[in-house]
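Below is one structure, written out as structure tokens, with a few remarks after it.
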Number of protein chains: 2
Amino acid sequence: MTEPSARPTRAQQRLQSEERILAAARQIFAELGYERTTIRAVASAAGVDAGLVMHYFGSKDLLFARAVEVPADELPGGTSGEVAEALLTSLRRRLTDEPAASLALLRSMLTNADAADRYRAAGKPQLNQLTEAISAPDAHLRAGLLSAIVHGVIAERHLLRLTHLADASPEQIIDLLRPCFQTLATAPPTSGKPS
Amino acid sequence: MTEPSARPTRAQQRLQSEERILAAARQIFAELGYERTTIRAVASAAGVDAGLVMHYFGSKDLLFARAVEVPADELPGGTSGEVAEALLTSLRRRLTDEPAASLALLRSMLTNADAADRYRAAGKPQLNQLTEAISAPDAHLRAGLLSAIVHGVIAERHLLRLTHLADASPEQIIDLLRPCFQTLATAPPTSGKPS
DNA sequence: GGGTTCATTCTACGGTTGTTGACCGGCGGC
DNA sequence: GCCGCCGGTCAACAACCGTAGAATGAACCC
């Protein structure tokens, strides 16, 4: 018997090439965005020919779709306060190492309609969970604001690299944001009682 | 004497054409971003030939630079609370009618390095004023967070058009954000006393 | 072991884009 | 009234990009 890693079978090699292409695509899409990324550049970074990328993924759009596939980031349900804390935990993880797939989606969402749709779709479950947990007439707006804050902070840290945000520790950031999130997630005290 | 508007002089006509081109450029840059905007499309929208755009502005980059020129948005100084309120006022204005020049800059900042630089430069004075007003060791970070929130909300409302944010009234948004801004602008109570 | 499948490459085409230079015609000064 | 400047157009070039299709050679199945 031969070691499975000694000489990869054809199917293995195909998967391996696909994965190398996808990794290169994720990185370049995340760095340059959809429009400035060329199939040739992705192929070159993956060490293959541009034709192969087309052969495996069909088109640039389909390659992008595969590259930015990201698991829906579900929040554990609970009270509004607990959900706010869960959102902070999610934010802390994303502040340290946001995966390239998410960055690629973020980078392209303003200039590519398809990316914008995927971004909206990816954020939708979290948005719904937030809206549901915040029992208030303006829960929709509060959830939208929380989402906007999260993505604004991530974008300015990882994409724009504003020094004010890029140099700070995740703990420092979420500690400053915690009261904001709690306030936004908590219904006004006039009609609802906390906890 | 002839009415000055009856037949415009040559200099007037040039300025008029330049302004029409700039207006078209601002709108298209704001809608599509830098890369998807073509000089031909701008020229067509302005009712002129593409060559004229080059003739007047030199290159696409220079046209973009002229199109996104936006006056630095200065905040009136004061205590941290007053500055936070001024930032809210600025936000309210930008929520109703953000000028196309600013939207063009926002739209392109993630995919165009030059736009990113201009964005950073445009936000710098406001960022400095915020940092100065917030007397705390982490003033830099707090100012950065405030800026990130403002731009995140504007981007998701005007560029991404997330329904949660696009449908809300500016008053509702800034009322929800006010406690967040006050909290972020106010130094921790352990060492500083408010007002 | 022979025929086939398939991973991979090469070449090329059509379209778009930024940019250029020649050209035209009317306004402005003399 | 004439000449030159200048607003404006037209046609074209060179580069690049996404994409298609033929070609090749090695791996796989029977």
Side-chain angles (χ1 to χ4, degrees), chain A residues 1-25 28-29 31-67 108 111-115, chain B residues 1-25 28-29 31-67 108 111-115:
Chain A
M1 69 180 184
T2 61
E3 299 182 12
S5 63
R7 199 195 301 179
T9 172
R10 200 141 65 167
Q12 286 175 336
Q13 194 143 5
R14 159 151 196 166
L15 289 181
Q16 191 176 320
S17 291
E18 275 192 10
E19 202 44 59
R20 229 174 41 238
I21 293 172
L22 275 179
I28 302 185
F29 276 133
E31 276 178 19
L32 304 180
Y34 181 87
E35 356 280 341
R36 299 187 102 91
T37 303
T38 71
I39 290 193
R40 284 170 169 86
V42 170
S44 172
V48 299
D49 185 85
L52 195 64
V53 178
M54 293 296 300
H55 190 49
Y56 284 169
F57 297 93
S59 74
K60 185 181 177 182
D61 290 271
L62 291 173
L63 171 65
F64 182 77
R66 290 283 305 276
S108 307
T111 44
N112 183 272
D114 184 49
Chain B
M1 67 181 182
T2 60
E3 299 183 12
S5 64
R7 200 194 303 177
T9 173
R10 200 138 67 166
Q12 286 175 335
Q13 194 142 8
R14 157 147 197 170
L15 289 181
Q16 191 176 320
S17 291
E18 275 192 9
E19 202 44 59
R20 228 171 46 236
I21 292 172
L22 275 179
I28 302 186
F29 276 133
E31 276 178 19
L32 305 180
Y34 182 87
E35 356 280 342
R36 299 188 102 91
T37 304
T38 71
I39 290 193
R40 284 170 170 85
V42 171
S44 172
V48 299
D49 185 86
L52 195 65
V53 179
M54 293 299 299
H55 190 48
Y56 283 170
F57 296 93
S59 73
K60 186 182 177 183
D61 290 271
L62 292 174
L63 171 64
F64 182 77
R66 290 282 307 275
S108 307
T111 44
N112 183 273
D114 184 50

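Here the structure is a predicted model, which means the values were calculated and not measured. Hydrogens, waters and symmetry mates play no part in the numbers below; they use all other heavy atoms, side chains included. In the text below, chain A, chain B and the rest are named by the order of the sequence lines, each starting its count at 1.
- Atom CZ in B:Arg10 sits 9.5 Å away from atom CD in B:Gln13 (nearest 0.5 Å).
- Of all nucleotides listed (D:dT19, D:dC10, C:dG18), D:dT19 comes nearest to the side chain of A:Ser59.
- Here the CD1 atom belonging to A:Ile28 is positioned 14.0 Å from the OH atom belonging to A:Tyr34, to the nearest 0.5 angstrom.
- Spacing between atom CZ of A:Arg40 and atom P of D:dA15 amounts to 14 Å, rounded to whole angstrom units.
- The separation between A:Leu52 atom CG and D:dA20 atom P is 15 Å, rounded to whole Å.
- If you check D:dC28, C:dT8, C:dT20 against the side chain of B:Met54, the one that comes closest is C:dT20.
- Annotation: the span from B:Glu35 atom CD to B:Thr111 atom OG1 amounts to 4.0 Å, rounded to 0.5 Å.
- Remark: A:Thr38 is not in phosphate contact with D:dC16, judged by side-chain N or O atoms under 4.0 Å from OP1 or OP2.
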Output, in order, the C-alpha distance, side-chain angles, deciding distance and verdict of side chain to side chain contact (heavy atoms under 4.5 Å, CB included) for A:Asn112 and B:Arg36.
CA-CA 9 Å; A:Asn112 183 272; B:Arg36 299 188 102 91; 3.5 Å; yes
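- Heavy-atom nearest nucleotides on DNA chain D were determined for A:Ile39 and for B:Ala11, and the one closer to the 5' end corresponds to B:Ala11.
- One can place CZ of A:Arg14 at 5 Å from P of C:dA7, the figure rounded to the nearest angstrom.
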Stepwise side chain to side chain contact (heavy atoms under 4.5 Å, CB included) test for B:Leu63 and B:Ile21
CA-CA 9 Å; B:Leu63 171 64; B:Ile21 292 172; 4.2 Å; yes
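- Taking atom CZ of residue A:Phe57 and atom C1' of nucleotide C:dT8, one finds them 14 Å apart after rounding to whole Å.
- Remark: A:Ser17 is in phosphate contact with C:dT8, judged by side-chain N or O atoms under 4.0 Å from OP1 or OP2.
- Remark: C1' of D:dT9 and NE2 of B:His55 are 11 Å apart, rounded to the nearest angstrom.
- Rounded to an integer number of Å, the gap from CD1 of A:Ile21 to P of C:dA7 is 11 Å.
- C:dG18 atom P lies 11 Å from atom CZ of A:Arg36, rounded to whole Å.
- Atom-to-atom, CG of A:Asp49 to C1' of D:dA20 comes out at 13 Å; the value is rounded to the nearest Å.
- In the interface, the side chain of B:Arg10 is paired with the base of D:dC5 through a donor and an acceptor atom under 3.5 Å apart.
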